[in-house]
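To start, the structure under review is shown below, and the notes come after it.
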Amino acid sequence: MSLHMTTPELRAAGTDLSERRRSGISRGPISDIAPEPQRIGIASDASGTRIGALTTIAALGADAGIVAGYPGLAAAACGLATPQIRAIGTIGGNIAQRSRCWYFRNPHIGCLKKGGDSCPARGGNHLYGVAFDLGPCVAPHPSTLAAALLAYEARIDTTLRRGLTVGDVLGNGSDGRRDHRLEPGEIIEAIHLPPPAAGERAFYKRAISRAHAEWPLAEVCLRLVVVDGVVRL
């Protein structure tokens with residue numbers, strides 16, 4: 001994606017977008033996502049739980065139904081970023097955020113995601129690159145909630161498509177020019193979770209290089225569920 005974009009960038013809370021605008025990585029028009037009722041709130045029934053994409057991360061982590069039924073997701077929501085970010089950042093925005101690679105974030109360095117023809121991290125400092133080399137860009141996707149939603153086999157609805165998996169939205173890493181596989185102007189509207197598993201045990205763990213306000217070096221959301229007397233991960 002070029003620095004000079006013709007398609008407007010979408011803005012929800014704007015926590016990541018504002019940072020990129022200040023540094024000069026993001027330029028051009030912005031389109032605000034309308035806070036329509038179907039994009040806000042958490043609702044559960046016998047078929048599972050629906051989470052509006054504009055629901056804040058703090059609200060997700062504090063919801064009693066999420067804490068009881070999806071403890072790994074609740075722990076991930078309560079552990080990511082900082083309290084200030086969680087208070088205004090949205091679930092959809094966390095899933096669709098852009099790369100945290102320091103080469104991408106440097107306005108003076110070209111890379112695949114900025115319209116260049118190579119990944120400078122490959123020959124440079126890639127200490128925090130991907131664990132599995134699946135494509136030309138070695139920057140890992142930074143969404144904590146996406147990892148947890150993957151563990152819960154969540155489905156994602158957008159303004160154009162329904163029932164997408166996390167893999168459908170984020171891709172497999174083969175296209176180094178994109179952080180996700182959403183089309184221009186396509187908006188995440190809701191996330192659907194299957195019914196809670198009885199007796200589930202789960203936790204979220206991350207490794208960071210500083211005690212506060214640090215993006216994780218590695219993180220995991222683990223679920224233990226008993227099915228027919230057998231413990232399954």
Side-chain angles (χ1 to χ4, degrees), residues 41-81 85-86 89-97 99-100 128-132 134-135 139-158 161-174 179-182 188-208 214-233:
I42 301 171
S44 299
D45 58 25
S47 66
T49 298
R50 181 187 188 278
I51 308 167
L54 290 186
T55 303
T56 66
I57 297 165
L60 177 69
D63 185 84
I66 297 296
V67 172
Y70 313 93
L73 178 59
C78 291
L80 69 85
I85 295 295
R86 295 194 293 270
T90 66
I91 298 168
N94 185 270
I95 296 171
Q97 66 183 294
S99 174
R100 294 283 163 179
Y128 303 142
V130 295
F132 302 99
L134 302 176
H141 195 281
S143 176
T144 292
L145 292 184
L149 292 171
L150 183 65
Y152 281 96
E153 301 180 333
R155 296 284 174 165
I156 298 172
D157 290 347
T158 74
R161 295 174 285 175
R162 294 287 184 270
L164 300 174
T165 66
V166 173
D168 292 333
V169 173
L170 298 187
N172 60 7
S174 61
D179 291 299
H180 52 69
R181 301 193 65 82
L182 297 174
I188 297 175
E189 289 206 319
I191 294 90
H192 297 269
L193 299 169
E200 173 180 324
R201 296 292 184 270
F203 75 96
Y204 164 75
K205 185 70 175 179
R206 68 177 182 174
I208 58 178
E214 179 65 273
W215 293 99
L217 308 182
E219 56 189 336
V220 62
C221 180
L222 178 65
R223 301 176 63 204
L224 297 178
V225 180
V226 178
V227 179
D228 297 329
V230 178
V231 177
R232 297 185 179 179
L233 295 178

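Counting begins at 1 with the first residue of the sequence. Just so it is clear, the structure is predicted and the values come from calculations on it, not from any experiment.
Using a 4.5 Å heavy-atom cutoff, the side chains of Ile191 and Ile95 are in contact. With a 4.5 Å cut-off on side-chain heavy atoms, Leu170 and His180 count as touching. The shortest distance between side-chain heavy atoms of Leu150 and Thr165 does not fall below 4.5 Å. Side-chain contact between Arg181 and Val169: absent, with no pair of heavy atoms (C-beta onward) separated by less than 4.5 Å. Taking 4.5 Å as the limit, every side-chain heavy atom of Leu134 sits out of range of all side-chain heavy atoms of Asn172.
Between Ala154 and Leu193, the shortest heavy-atom contact is CB-CD2, 3.7 Å. Taking each heavy atom of Cys221 and Ala151 in turn, the nearest pair found is O-CB, 4.0 Å. Taking each heavy atom of Ala53 and Thr90 in turn, the nearest pair found is O-CB, 3.5 Å. The shortest heavy-atom contact between Ala148 and Ala76 is CB-CB, 3.9 Å. Contact between Gly61 and Val67 at its shortest, heavy atoms only, is O-CG2, 3.5 Å. Across all non-hydrogen atoms, the minimal contact from His192 to Asp157 is NE2-OD2, 2.8 Å.
Applying the side chain to side chain donor-acceptor pair (under 3.5 Å) test to residues at least two apart or on different chains, the pairs with a partner in residues 41-53 are Ser44-Thr49, Asp45-Ser47, Thr49-Tyr70.
Partners of His141 under the side chain to side chain donor-acceptor pair (under 3.5 Å) rule, at least two apart in sequence or in another chain, do not exist in this structure. Applying the salt bridge (Lys or Arg N to Asp or Glu O under 4.0 Å) criterion to Asp63, with sequence neighbours excluded, gives no partner residue.
A distance of 5.5 Å separates OG1 of Thr158 from CG of Leu164, quoted to the nearest 0.5 Å. Here CD1 of Ile51 is found 10.0 Å from CD1 of Ile156. Values are rounded to the nearest 0.5 Å. Between the CG atom of Asn94 and the CZ atom of Arg86 there is a distance of 11.5 Å, given to the nearest 0.5 Å. Distance CD1/Ile91 to CG/Leu73: 7.5 Å, rounded to 0.5 Å.
Remark: side-chain polar atoms of Arg155 are paired, donor with acceptor, to backbone N or O of Gly163 under 3.5 angstrom. At distances below 3.5 Å, at least one donor-acceptor pair connects side-chain atoms of Thr55 with backbone N or O atoms of Gly41. Looking at Tyr152, its side chain never comes within 3.5 Å of a backbone N or O of Arg223 through a donor-acceptor pair.
For Arg162, the CZ atom is densely surrounded, since the number of other residues' heavy atoms within 6.0 Å is greater than 12.
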